[in-house]
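For ligands, and for the atoms within them, numbers begin at 1 and follow the listed sequence. Note that this is a predicted model, so its numbers are computed, not measured. For this chain, numbers begin at 1 and follow the sequence in order.
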Amino acid sequence: MAQVKRIGVLTGGGDAPGLNPAIKGLVYRAADHDITVSGLYDGWRGLLNPLPDPLPLDRAHVRRWDRDGGTNLGSSRTNPFKSTTETGERVDRSAEVFENIERLGLDAIVACGGEDTLGVAARLSDKGVPVVGVPKTIDKDLAETDYTLGFDTALRNVTEIIERSRTPAGSHGWVQVIEVMGRHAGHLALWSGVAGGAHLILIPEYPFLYEKIFHLLRERLGDTRASPRDPQRPRYSVIVVAEGAYAEDGGLVTIDDRHDAFGHARLGGIGEVLSRRIMSETPYEARSAMLGHPQRGGAPSPVDRIMGVLFGARAADAVADGQFGKMISARGIAPACDLSLVDISKVLGKLNIVDVERHYDTERYHLKGIGM
Ligand code: F6P
């Protein structure tokens, strides 16, 4: 096996806190192996023509990156196997990726991303490109790993907002609906809802019934908004709804009908639909808030910093050992976690979603076993 001298690192898909710490871990550990690292801009787009100059990364350059949110290399949802042209056509430009890896003198690629970015990595790996994957997504929906970078920070962000929503909701006596990201997985909604003390949590893994939501609201708030106030009864409610949640008799709600280069629609709007139904079919006043991209924002949490540097360093070791076509996998979460390598191909085609049987109370629309 030829010795690796130069790694190209890229970050693809939605940005997530933890990516910059991962790049720092990679660069620091790669230096121990006498390997240099080049930063490729904007995900897989960084390997397509016109070829941007990569960013040389050394310890001095990335020393403070572990404190930075987002990704300092930029990101995109570029799919080189289905790249969109100016006229909207989708074409296979993967040949440019091969040429450019060679042109830049890269001996290996470290791709940090979720299902889509790693799906491209797997296809390139099948064609002989030496690739190692680092799992990242606030959705935590990647298989074969207990952790994906960004989840903990997003959980912190969403929990804070749920908490802050209590004062307006409590002051006005509203049902506050909060729509949370996560695509088809309910991890972020479920655990932020628990941490933030939401009354009801709706997840994609279990289609909900409007009638049951109305019933649970009545149970908590009473038939009308009490006047004079009943001090025994809460006068507001917070409902957390995952963007991918849907009613048993309805479908997914999307922002528009466009799809990205990986075929995904942008989910969003179920919170507003629910809030309107509450207003028209119950006596309660409702408001909805779609939290959107700031959920992924801000400095990484301690867990994302630690997991990031550990994942990045492990990726450098994998490259130095010539272990390609693999993704770093965590069993357990920082600080008590074990890292190993799994075949990227094993990660794809199956999502890690909430285990309803184990965690979800389908009668109370809440976490199972805590009596809420
Ligand atoms: O996968 C991360 C994520 O934030 C999802 O939770 C969300 O559905 C999607 O990205 C939003 O896509 P975009 O960042 O392209 O708007």
Original post:
Are Glu357 and Lys368 within salt-bridge range, i.e. N to O under 4.0 Å?
Top reply: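 No, this pair does not count.
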
Subject >> Salt-bridge contact Glu219-Arg364 (side-chain N to carboxylate O under 4.0 Å) >> reply: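 Yes, charged N to carboxylate O under 4.0 Å.
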
Original post:
Does Gly114 reach ligand 1, in the sense of a heavy atom lying below 4.0 Å from it?
Top reply: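 For ligand 1, residue contact (heavy atoms, under 4.0 Å) with Gly114 is absent.
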
Subject >> Taking atom 12 (O) of ligand 1 as the reference point, the nearest protein heavy atom with its distance >> reply: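 Atom 12 (O) of ligand 1 sits closest to the protein heavy atom Arg77 NH2, 3.1 Å.
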
Original post:
How does Ile138 reach ligand 1, by side chain, by backbone, by both or by neither, if only non-hydrogen atoms under 4.0 Å count?
Top reply: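 The side chain, only.
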
Could you tell me which atoms of ligand 1, counted from 1 in the order shown, lie closer than 4.0 angstrom to a heavy atom of [X]?
{"X": "His293", "value": "13 (P), 14 (O), 16 (O)"}
{"X": "Asp139", "value": "1 (O), 2 (C), 3 (C), 5 (C), 6 (O)"}
{"X": "Arg296", "value": "3 (C), 4 (O), 10 (O), 11 (C), 14 (O)"}
{"X": "Glu243", "value": "5 (C), 6 (O), 7 (C), 8 (O)"}
{"X": "Arg266", "value": "16 (O)"}

Subject >> Parallel, tilted or perpendicular: ring planes of Tyr365 versus Tyr360, cut at 30 and 60 degrees >> reply: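 If you compare the ring of Tyr365 with that of Tyr360, the planes turn out parallel.
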
**OP:** Could you label the plane-to-plane angle of the His187 and Phe151 rings as parallel, tilted or perpendicular, counting under 30° as parallel and over 60° as perpendicular?
**Re:**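 Aromatic pair His187/Phe151 classed perpendicular.
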
Subject >> Interatomic spacing from OG1 in Thr148 to CE in Met327 - rounded to 0.5 Å >> reply: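 Output value for this atom pair is 9.0 Å.
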
Subject >> Approximate separation, where rounding is to 0.5 Å, of Ile270 CD1 and Met290 CE >> reply: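 Answer rounded to 0.5 Å: 10.0 Å.
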
**OP:** Would you indicate whether Arg331, at its atom CZ, is surrounded by more than 12 heavy atoms from other residues, nucleotides or ligands within a distance under 6.0 Å?
**Re:**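 Yes, the 6.0 Å shell around CZ holds more than 12 heavy atoms from other groups.
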
Original post:
Any nitrogen or oxygen of Met181, main chain or side chain, under 3.5 Å from a nitrogen or oxygen of ligand 1?
Top reply: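 Among all N and O atoms of Met181, none is under 3.5 Å from an N or O of ligand 1.
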
